[in-house]
Amino acid sequence: MTAREPLLSLDGITRNFGAIEALRGITFEIGKGEVVALLGDNGAGKSTLVKIISGGLEPSGGRLVYEGREVRFGSPAEAKAAGIETVYQDLSLCTNVDVVANFFMGREIVKRFLGIPILQERAMEAATAKAIADAGTRIPSLRTNVEHLSGGQRQAIELNRFVHWGGKLVLLDEPFAALGVEQTRRGLEMIKRIAAQGISVVIITHIMAQAFQVADRMVVIRQGQVAGDVRTEDTTADEVVRMITGEAVKPPRAPIAEARTTGPA
Amino acid sequence: MTAREPLLSLDGITRNFGAIEALRGITFEIGKGEVVALLGDNGAGKSTLVKIISGGLEPSGGRLVYEGREVRFGSPAEAKAAGIETVYQDLSLCTNVDVVANFFMGREIVKRFLGIPILQERAMEAATAKAIADAGTRIPSLRTNVEHLSGGQRQAIELNRFVHWGGKLVLLDEPFAALGVEQTRRGLEMIKRIAAQGISVVIITHIMAQAFQVADRMVVIRQGQVAGDVRTEDTTADEVVRMITGEAVKPPRAPIAEARTTGPA
Amino acid sequence: MVSPRRRAAIEFVLDNLVWFILVAVVAIFSFAVPNYFQIGIFANIIEQATFVGTLAIGLSLLIIAGYMDLSIESVMALSAMVIGILFAASGVGLGITLTPEWLVVPVSLAVALAVGAVVGATNAFFVVRLKMNAFIVTLAAYIWGRGLVVALSGGRSAQEMPAALRVFAIERFLNVPLIAWVSIVATLAFAFVLRKTPFGRHLLLIGGNPVAAYRAGIRVDRLTVITFILAGAIAGLAGWLLAIRTSGATANLGVGMLFQTFAAVVIGGVSLKGGVGSLTGVYAGVLLLSSIQTAINLMGMPAHFTQLIQGAMVLAAVLLDTMKLQIRKKLA
Amino acid sequence: MVSPRRRAAIEFVLDNLVWFILVAVVAIFSFAVPNYFQIGIFANIIEQATFVGTLAIGLSLLIIAGYMDLSIESVMALSAMVIGILFAASGVGLGITLTPEWLVVPVSLAVALAVGAVVGATNAFFVVRLKMNAFIVTLAAYIWGRGLVVALSGGRSAQEMPAALRVFAIERFLNVPLIAWVSIVATLAFAFVLRKTPFGRHLLLIGGNPVAAYRAGIRVDRLTVITFILAGAIAGLAGWLLAIRTSGATANLGVGMLFQTFAAVVIGGVSLKGGVGSLTGVYAGVLLLSSIQTAINLMGMPAHFTQLIQGAMVLAAVLLDTMKLQIRKKLA
Amino acid sequence: QDKGTIYYLVPTLLDEFQTGSVSAIEKFMGDVGYKTVTLNADNKTDVQQGQMNDVIALKPSAIVLAAVDFNALKPQIEAARAAGIPVMQFDRQITSTVSDFTSVAGTVEIGEVAAGEIERLLKEKNGAVKGKVLQVLGDPGDPYTLDIQKGFEAKMKAFPDVTIITHPAMQWEASNAGSIVADQLLANPDIDLVFVHAAHLAVAAVASLEAAGKKPGDVLLVSSNGAPVGLDLIRKGWEQVEVEQPLFAQAAALAMFADKVVGKQELKPGSYDVLGLQGTLTIESWGPNIKLPGAAITKDNVDDPKFWGNMKTPETPVAPVP
Ligand SMILES: Nc1ncnc2c1ncn2[C@@H]1O[C@H](COP(=O)(O)OP(=O)(O)OP(=O)(O)O)[C@@H](O)[C@H]1O
Ligand SMILES: Nc1ncnc2c1ncn2[C@@H]1O[C@H](COP(=O)(O)OP(=O)(O)OP(=O)(O)O)[C@@H](O)[C@H]1O
Ligand SMILES: O[C@@H]1[C@@H](O)[C@@H](O)CO[C@H]1O
Ligand SMILES: [Mg+2]
Ligand SMILES: [Mg+2]
């Protein structure tokens, strides 16, 4: 086991919405290639934190240090440019267009003719078909508009499109909430695979089993504050649940988990 | 144990969307006071079936027999009038109004002055506050518009508002997908409680543990057909998963589960 | 951080910003424009707000419920022309008289409301039953409605409404003519309906998420039909008021009010996306437009520039409203 | 159940229903209206579709991206008046001449496009930077734009455009004047952009779910600005074409085209909610309206009834389109 | 000298006659000592009603009204007069109530003059008064154009061999007129003459004729109101006759009688010389009314500076009538 460098450090992040203090000083670190499970009760502030990291929301206070430099992402486009990919809890699909268009949203494959970029529908369709099949999801036609798809089919598009783009940090906000058993299994495997490539992952989930299956470390948020930060191997599901509901006292902060020497399962 | 009467029988229900056959002849029964878990892969047709029962979608073929009479619900209002309450997978909230207005959507408390029905905001707010608290959910203010709530907070509103109205059959389409650990626990308890009152429940979930915790019987749908219909006590999670993914052969159809003599947990 | 008390005060101002802007604008005009500051002018502002104000009620209800109605202007003209033809004494008017004389008030009002309701019902039929797009259905009604006015009147006007009706334009209460009071009372009544009754609540819900409302058992189609009919009948009321003020009707009566009504509705805080808005805000929007028009009338600037200035002022008024966002952000 | 082949055929018809309706309507008129069936009339239909057709391009792009633009009609008039004043020989025209003479073509076109682009940029500034409601911003521009036409021209007309420009209205290719070809080529070009380039794709995405598009890293604000400027410039092009056809400009040039353009866009299948539509459909909508207007011009009915009939025909045409839903349902 | 302010309520500024009227009235009223403020109603009746109300609150010396709609302003006219403010009607006659003074060309008469000229033109072309005439109205809801139509068609009744086809341009919009002409040229290739109800419509009509390959004179063209663009078209040979509305004289008459009207003195019927035109003042049921004859402008007299379309505002100041 080797100690990891931090990829992203959050330092006292706060966020108010009018009179509501959604985040009240969040401080923790995410190591390179580390999988961090972000846990907490409904309304604890998890999604708000994700949106702040991914450039969709400005913090009211605090600092983000990314790859050693203080950053402030003014838009998701900037965060993306810095290598941060995000799967949002409230799905971010355009239901008015088809699966392929959603899969390549904002990153369409083009070929230039006379300097004009032309969409390469065939290539995009093939890539989409492969990714969806790998994820274990069946979608009747990739050319149907997303509005006609089931909840799990939609989530599969959203979850799998980011894999295409690599990046350095992946934020997953309840990515399996609507997925079937098999799709969830493959999703968890995928997370291990990309972590093994050195990409860091933050995953939010309410299912302890999922968190324990992939996470190196667990960060629990309670009413806008960090209520626990422990290595997976040092804790149990029951203890984590008690941290979430506020029955346990806050344990000391855990350092970035060390890299496992074994590859993904 | 006593054998139950069927409340609802589905007989060869089919549903096409253009060329897609989402349901290809669904036949099973739901007994009075029985909790049936409706399981299946993403895109199997579960939500489509729920929408057909709740009057939101017309079947392409097949019959529904409810309380011994063949019925055809032309709209959710008709199904509601017959005592069928539904929690949809894609949340059915109006994000432009506050929590209270959503909670009482379509069933506002009114008092008449000179024959004019006037909304009773106080009474509605009190009732909402109680229900949300009972569910274990914290919502900063019941007067905020739902668009400002977290995913779990929204689902809590949706899940808990139906309890208010009793009814005879409750359809729950992945009602815990966004709920926290404690909220899910209370939700499962609530299901047992209402089943004990003789209300039938159909619950869709991808989490086997949840299904096994509350269901009397499991119905598995695979590619629009019933791939399994077993009593909970006669099966295991592994077997059910194999039915879902199509690795198991279809076992014989199970009769309506017998009523447990014990009350809710 | 701001104290909760102060925050509440600021929120109140922001929620009613159109009213505050209205007061500010009127104050500025009173200082800057000679003769602006007098009871007579304020009464004029309110009087001129009558028709757009009335039209705005029905339009707001429909927009809040997530629909559009472009036909209201023509419906208003049609109602005005129908009662003009029936009851006006000269021009194309037939000069029907009733005994006792005052009977013309309820009868003409009923006719005006009925004409509007019929057009509204027609629109509703196409939109709800035949599932046609409301924009195009009501655009067609905007065209054929005005066409019907021209066809009925032969392009000519009707004049001289009976004295029993003219009273509403001439008599004043607190300096303001009765027709304006009719519009104010109607606004208040529907503001109440929107805020305090299930009907109003359901309109908001339908406008916010029609699928959710439908699933919750709200009879969306029925409510939509009612609202279209209401919007038509209210436009009929506007026509009745306009015919009384004009003491008759002309073929191009009210041309251009549609845009003004939309402007007032939007300035008043109704979202064209549906599900958001209150009628008191809309009435402030109407008064704001009317005070701008009045200021232009009094400023005595070269006529060639009035339209230019009107456009700029509308923009400026809405710009103020936009500051809301910035302030709200600062508050956080 | 329907066979897949047949289903595909039916789907094709449904997807292009406006075109089929257009053909049906023209066929009916050809039988019913004397003199309708001749090349010259069809050429006229296409010629008359030029201005609304051009305006509809920009409006469609904006609506697909989820915005509104009410200013286009006034922008068109403004561009027409500006080049009228600069290059027309009489009336308020200054009669500027360039050597060589043909230079007036690119120069006047550039001026017209620039005028439109500037108004578009102004709209974009208010909408994107100041976060003002697009409806109200462009409504204000509709008012001040026309006001500027009146102010610049003093309400007078310009007349006699240089021969080098008039050529576009007089010379014909396949019986259709060049100005109409300009509009057709522009439609095809933007139809291609919308369907085949990332820019067009992104407009659809923004119109469907701006939050999702933003989160996916699409520069929503930048694209919105570009689209407003495009819509303005295209309206400028329409003004250039209109000035050429009219051989000058009058202060009320193009009044009423805004509504027609909206109607064509909606008939052509663009959803006012954003995110849905294609330009070829819109062009069919424009031709449909133009054939109806032409039929009315030829029918020789009393002038008083033309508007009534126009409204009814628009309704009928859209009604046909609505059958789509029923057929689709039957297919399932 | 400063005798106070007069408000001129102009119906629209979207055509040349109206814009011309603003400068003419401001000039002539200035000659006799009044300051003029103009309000534009943008063709909206209700806006003009509001303007009347506002102006009444300002208590001016007098109001000059060119009504958006001929009769819709009756209540406001009565209110103004009740408040002691005299009201003069310009260009658009209001007969349903009493005004203090009315100065008009006579719209029905314009139609009649046009009919006379068209009779002549058809005879010259076809040897007899026969043929096809396309009449383009301004708007089917505008009484101004309907009155011209009335005068024109009444006189043309005498000639059964003349077919009249009538279409409205809608909102006086030029390109609508152009489309009508283009379509009708195909439906009725034998059209002899086009009669449009305003000169700015003639511009678009000519553009359509030209696009159809016609040369000046192939299809005759007659228009009314005598705006500058119309005179240009006559010079170029596209147009044969413009029936002038004597804008200058109409405006000057207002100024000549302004003192008397403001002073509430009696106006005497009779003949008056207004800028060289013979105006007839009569006392009608709607009050004193001066009618100024509109002349036919043809190639022969097109350059006469007395036509307002030549835009030579008379230099000599008008003087109040004694
Ligand atoms: N309106 C529609 N138009 C076309 N296809 C549809 C429509 N609604 C559902 N489908 C298709 O029918 C199938 C079943 O969908 P359904 O939503 O019932 O699945 P589900 O079992 O609820 O899946 P999930 O677990 O993902 O929620 C899917 O393939 C879906 O794409
Ligand atoms: N735009 C907003 N305006 C006002 N309050 C907001 C807004 N966004 C979030 N909140 C509030 O901030 C708190 C945290 O919300 P957040 O979505 O981060 O919760 P979460 O931890 O993701 O919960 P869940 O598990 O339910 O998804 C909640 O109380 C929520 O109501
Ligand atoms: O006299 C004018 C005409 O020239 C035209 O402008 C229409 O309005 C009339 O009053
Ligand atoms: Mg969340
Ligand atoms: Mg589902």
Side-chain angles (χ1 to χ4, degrees), chain A residues 17-22 39-48 88-91 95 135-141 144 147-156 173-174 176-185 204-210 222-223 237-238 240-247, chain B residues 17-22 39-48 88-91 95 132 135-141 144 147-156 173-174 176-185 204-210 222-223 237-238 240-242 244-247:
Chain A
F17 296 103
I20 295 165
E21 299 176 71
L39 306 172
D41 209 356
N42 291 138
K46 307 179 295 296
S47 299
T48 304
Y88 295 89
Q89 180 179 15
D90 47 335
L91 295 188
T95 54
T137 305
R138 286 168 36 97
I139 294 184
S141 155
T144 20
E147 64 184 321
H148 298 139
L149 297 187
S150 81
Q153 290 167 335
R154 293 181 195 203
Q155 193 153 36
D173 195 350
E174 308 194 17
F176 308 134
L179 289 192
V181 181
E182 170 67 10
Q183 291 80 355
T184 303
R185 194 184 62 76
I204 298 178
T205 176
H206 289 295
I207 312 289
M208 288 307 119
Q210 292 173 1
R222 191 169 152 66
Q223 296 182 23
D238 275 354
V240 172
V241 169
R242 268 179 279 129
M243 285 187 239
I244 291 173
T245 54
E247 287 163 44
Chain B
F17 297 103
I20 295 164
E21 298 176 72
L39 305 172
D41 210 355
N42 292 139
K46 305 179 295 298
S47 298
T48 305
Y88 295 88
Q89 180 178 16
D90 47 334
L91 294 188
T95 54
I132 296 289
T137 304
R138 284 168 36 97
I139 294 185
S141 154
T144 20
E147 63 184 318
H148 297 139
L149 297 187
S150 81
Q153 289 167 334
R154 293 182 195 203
Q155 194 154 33
D173 196 349
E174 307 195 16
F176 309 134
L179 289 191
V181 180
E182 169 65 12
Q183 290 79 359
T184 303
R185 195 184 62 74
I204 299 178
T205 175
H206 289 295
I207 312 289
M208 287 309 118
Q210 292 173 1
R222 192 168 151 66
Q223 296 181 25
D238 274 356
V240 172
V241 169
R242 266 179 280 129
I244 292 173
T245 54
E247 287 163 43

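Residue numbering restarts at 1 for every chain, and letters A, B, ... go by the order of the sequence lines. Keep in mind that the numbers below use all heavy atoms, side chains included, and drop hydrogens, waters and symmetry copies. No experiment lies behind these values; they were computed from the predicted model shown.
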Interface moiety of Ile139(A) toward chain B, non-hydrogen atoms closer than 4.5 Å: neither
Is it true that a side-chain atom of Arg222(A) and a backbone atom of Met243(A) form a donor plus acceptor pair closer than 3.5 Å? no
Contacting region of Leu179(B) [heavy-atom separation from chain A under 4.5 Å]: both
If we check side-chain hydrogen bond (donor to acceptor under 3.5 Å, both in side chains) with Thr205(A), which of these qualifies: Glu174(A), Lys46(A), Gln210(A)? Gln210(A)
Under a plain distance cut-off of 3.5 Å, with no hydrogens placed, do Asp41(A) and Gln223(A) share a side-chain donor-acceptor pair? no
Quick one: pull up OG1 in Thr144(A) and CD1 in Ile20(B) and give me the separation to the nearest 0.5 Å. 5.5 Å
Could you check which of Gln155(A), Gln89(A), Gln183(A) has the highest count of heavy-atom pairs closer than 4.5 Å to chain B? Gln183(A)
Out of Gly136(B), Ala178(B), Ala209(B), Ser47(B), which one racks up the most heavy-atom pairs below 4.5 Å with chain A? Ala178(B)
Where does Gln153(B) contact chain A at under 4.5 Å (heavy atoms): side chain, backbone, both or neither? both
Does a side chain donor of either Glu182(B) or Asn42(A) reach within less than 3.5 Å of an acceptor in the other side chain? no
